[in-house]
Amino acid sequence: MADPQTWDAVDSYIVERQVGSDPVLAEALEASRRAGLPPISVSATQGKFLHLLAAAVGARRVLEIGTLGGYSTIWLGRALPPGGRLVTLEISPAHAAVARSNLERAGLSEAVEVRLGPALESLPGLVDEEPFDLVFIDADKPSNADYFEWAVRLAHKGTVIVVDNVVRNGAVLNDDGDPNVIGVRRLHDLLASERRVSATTVQTVGAKGYDGFTMALVLGGEAK
Ligand code: SAH
Ligand code: DHB
Ligand code: MG
């Protein structure tokens, strides 16, 4: 029974009972599909998880790296309090255009800024802003460790950093030269020695297959 079809069916079961369906989120996915974007946004259960996490930490300032069509952005943006702000970084003009229109439909155009360009070029421009309360890293996997370093730099004590796709169907254990896996392994190796955060990784199955996410809490001192 523990096969991908079951994972998918259980995700539907959970969505029916805890997540629900929403015309704005459904249309965000549909518009992304129509525009030819790859179907790699977080699942509904993962989106709701990010939303609850943002609400639980009372995030007023959220940073997302990797926008795609803005599906995860909408989940996170809906957790913002009045006056809250989300900056999401996207390299593809086509993806950013779809995201902006999806965010407009979600009523989030004012709270959310889609910043176009390679994330590593946009991130230095954020150092003069207030630190972020929550960072969601979900862009190109080879740069994961660099994004994580930036996230810590743009954080304060208590900031939560979440990184998507860090298990990759178990490929994280392979040492076979896949640049995505190398990137993910660089992140896990960084976390092994990074004293400024306390982290764990939760493996997941569901509509998006077998993967996992890392959650890191930025500490104040040196303890781990
Ligand atoms: N967070 C989205 C999915 C993001 S998919 C969701 O769950 O709905 C990854 C996105 O990262 C893609 O849109 C891709 O264009 C973008 N990306 C890839 N390399 C990037 C880079 N160097 N800088 C910024 N964005 C990048
Ligand atoms: C891919 C990227 C993602 O962020 C994801 O959640 C799933 C797949 C990819 O690049 O294949
Ligand atoms: Mg992802």
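Please read these numbers as outputs of a predicted model, since none were measured by experiment. In what follows, every heavy atom counts, from backbone to side chain, and hydrogens, waters and symmetry copies are set aside. All ligand and atom numbering here is 1-based and tracks the order in the structure.
With contacts defined as side-chain heavy-atom distances shorter than 4.5 Å, the pair Y71/V42 qualifies. Put simply, the side chain of L68 does not reach to within 4.5 Å of the side chain of S32, judged on heavy atoms. Residues L123 and L126 are in side-chain contact: their nearest non-hydrogen atoms beyond the backbone lie under 4.5 Å apart. The shortest distance between side-chain heavy atoms of F136 and V62 does not fall below 4.5 Å.
Taking distance alone, with nitrogen or oxygen atoms compared against 3.5 Å, F136 stays at or beyond that limit from ligand 1. The shortest N or O to N or O distance between I40 and ligand 2 is below 3.5 Å. No N or O atom of S92 sits closer than 3.5 Å to an N or O atom of ligand 1.
Contact annotation: for D211 versus ligand 2, there are no heavy atoms closer than 4.0 Å. In E90, the parts holding a heavy atom less than 4.0 Å from any atom of ligand 1 are both the side chain and the backbone. Proximity of N165 to ligand 2, defined as any heavy-atom pair under 4.0 Å, is confined to the side chain (atoms from C-beta onward).
Ring pair Y210/W7 is perpendicular by interplanar angle, where above 60° counts as perpendicular and below 30° as parallel.
The nearest protein atom to atom 23 (N) of ligand 1, hydrogens excluded, is given as A119 N, 2.8 Å; this is a heavy-atom distance. The protein non-hydrogen atom at the shortest distance from atom 7 (O) of ligand 1 is V42 N, 2.9 Å. When hydrogens are left out, the protein atom nearest atom 6 (C) of ligand 1 is S72 OG, 3.0 Å; that is the closest non-hydrogen contact. In this structure, the protein non-hydrogen atom closest to atom 19 (N) of ligand 1 is D140 OD1, 3.2 Å.
For the ligand labelled ligand 1, residue G117 lies inside the 4.0 Å heavy-atom shell.
Of the charged side-chain nitrogens involved, at least one lies within less than 4.0 Å of a carboxylate oxygen, so that R115 and E129 count as a salt-bridged pair. Ion pairing between a basic and an acidic side chain is recognised when a charged N comes within 4.0 Å of a carboxylate O; R196 and E149 show such pairing.
The distance from ligand 2 to the heavy atoms of D164 drops below 4.0 Å at these ligand atoms: 6 (O). Ligand-side atoms of ligand 1 in range of P118: 23 (N), range being under 4.0 angstrom from any heavy atom. Counting the atoms of ligand 2 from 1 in the order shown, those under 4.0 Å from a heavy atom of K208 are 6 (O). Which parts of ligand 1 touch L68 is read off a 4.0 Å heavy-atom cut-off, strictly below it: atoms 2 (C), 3 (C), 4 (C), 5 (S), 13 (O). Residue Y147 has at least one heavy-atom neighbour below 4.0 Å for each of these atoms of ligand 1: 21 (C), 22 (N), 23 (N). Which parts of ligand 2 touch K141 is read off a 4.0 Å heavy-atom cut-off, strictly below it: atoms 2 (C), 3 (C), 4 (O).
Remark: side-chain polar atoms of R78 are not paired, donor with acceptor, to backbone N or O of H51 under 3.5 angstrom.
One option in G47, G66, S122, S41 has a heavy atom closer to atom 8 (O) of ligand 1 than any other, and that option is S41. Distances from atom 17 (N) of ligand 1 to the heavy atoms of D138, T67, I91, I74 put I91 nearest.
At the Mg ion (ligand 3), the vertex angle linking OD1 of D138 with OD1 of N165 is 90° (nearest 10 degrees).
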